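Comments concern the structure below.
Predicted model, so just to flag it, every value in this text is computed and none were measured. Just so it is clear: chains get the letters A, B, ... in the order the sequence lines come, proteins before strands, and each one is counted from 1.
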Amino acid sequence: MIISPKEAIKLQKELADKIIEQNMFEKIDYIAGVDVSQPAFMQQGILYAAVCILSFPELELVEQVHHFQETDFPYIPGLLAFREAPVIINALEKVKTKPDIIIADGHGISHPRKLGIASHIGVLTGHITIGCAKSILVGKPEKELPPKKGSYVPLIYHNKIIGNVLRTKDKVNPVYVSIGNKITLDKATEIVLACTTKYRLPEPTRLAHQYANYARKNNLKS
DNA sequence: GCGACAG
DNA sequence: ATCTTGTCGC
Ligand SMILES: [Mg+2]
């Protein structure tokens with residue numbers, strides 16, 4: 001029962017209606033970063049997912065887990081979640097320290113059908129999620145982005161604001177922040193910036209990427 | 001029909 | 001996404 005791209009698109013349209021664009025949290029003590037690592041140019045193969053839990057606002061690593069499994073779904077722009085979300089969700093179930101917010105490496109509602117991987121994970125798990133992508137899938141920046149860290153401009157698609165283009169480091173390419181689930185764009189942007197130190201990517205996602213890569217290269221089991 | 005196109 | 005050392009710019 002391998003879901004087809006056509007069925008995947010239909011499912012995205014249904015799940016998109018379940019997204020809540022309001023802050024559904026009160027306190028933020030722990031933030032998780034999730035990402036996936038895979039062998040070069042392997043459409044079919046094993047995917048390693050990593051979840052890094054950081055204390056907030058200290059940003060100290062308090063727990064990290066990984067999980068790996070085979071995949072059959074190829075990478076198709078717009079359908080990334082059907083390839084990466086399964087292993088990520090399984091990894092999340094191994095975590096002891098339940099995160100208040102999850103930041104995913106990819107888009108949230110800044111997606112052709114409003115259901116990028118961050119929203120996909122949010123709707124399926126009920127978690128509060130934020131999308132933080134490294135490049136644009138759809139939309140265009142409203143105007144030129146100033147070079148200073150902390151500056152941001154709206155990401156526009158069909159004349160609507162779907163996210164924010166955020167500069168997380170002086171004179172370095174920005175990241176694209178969007179609502180995943182149960183949070184507002186303003187709060188999501190504020191949190192991503194608060195999670196940023198000396199690198200382009202926010203610490204949760206940066207560390208998850210690093211650990212997923214480490215787990216895969218060292219054939220970590222479990 | 002053509003071009004764009006997260007990771 | 002990943003491969004992979006040195007090298008250029010701030
Ligand atoms: Mg990734």
Establish, with yes or no, whether the OP1 or OP2 oxygen of [N] is under 4.0 angstrom from a side-chain nitrogen or oxygen of [X].
X: Lys169(A); N: dC10(C); value: no
X: Lys217(A); N: dC3(C); value: yes
X: Tyr75(A); N: dA6(B); value: yes
X: Arg113(A); N: dA6(B); value: no
X: Ser37(A); N: dT2(C); value: yes

Distance, rounded to the nearest Å, where [X] contributes [atom1] and [N] contributes [atom2]:
X: Gln44(A); N: dG7(B); atom1: CD; atom2: P; answer: 23 Å
X: His120(A); N: dG7(B); atom1: NE2; atom2: P; answer: 17 Å
X: Phe82(A); N: dA6(B); atom1: CZ; atom2: C1'; answer: 14 Å
X: Lys134(A); N: dA6(B); atom1: NZ; atom2: C1'; answer: 8 Å
X: Leu80(A); N: dA6(B); atom1: CG; atom2: P; answer: 9 Å
X: Tyr48(A); N: dT2(C); atom1: OH; atom2: C1'; answer: 16 Å
X: Asp35(A); N: dA1(C); atom1: CG; atom2: P; answer: 7 Å
X: Arg83(A); N: dA1(C); atom1: CZ; atom2: P; answer: 12 Å

What's [X] touching, base or sugar-phosphate or nothing? Going by heavy atoms closer than 4.0 Å.
X: Gly78(A); answer: base
X: Leu79(A); answer: base
X: Ile117(A); answer: base

Closest-nucleotide ordering on DNA chain C, the 5'-leading residue of Lys171(A) and His209(A): His209(A)
Parallel under 30°, tilted from 30 to 60°, perpendicular over 60°: which one fits the rings of Phe82(A) and His120(A)? perpendicular
Would you please say whether a donor-acceptor pair under 3.5 Å links the side chains of His127(A) and Thr125(A)?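 Indeed, the side chains of His127(A) and Thr125(A) share at least one donor-acceptor pair under 3.5 Å.
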Check whether Ser151(A) reaches the backbone of Pro146(A) with its side chain - one donor and one acceptor, N or O, closer than 3.5 Å.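 Checked: pair present.
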Quick one: pull up CG in Asp35(A) and CD1 in Ile103(A) and give me the separation to the nearest 0.5 Å. 12.0 Å
From Gln22(A) atom CD to Ile179(A) atom CD1, the distance as rounded to the nearest 0.5 Å: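 The distance works out to 10.0 Å.
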Pi stacking test for Phe41(A) and dA1(C): under 5.5 Å apart, planes under 30°: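 No.
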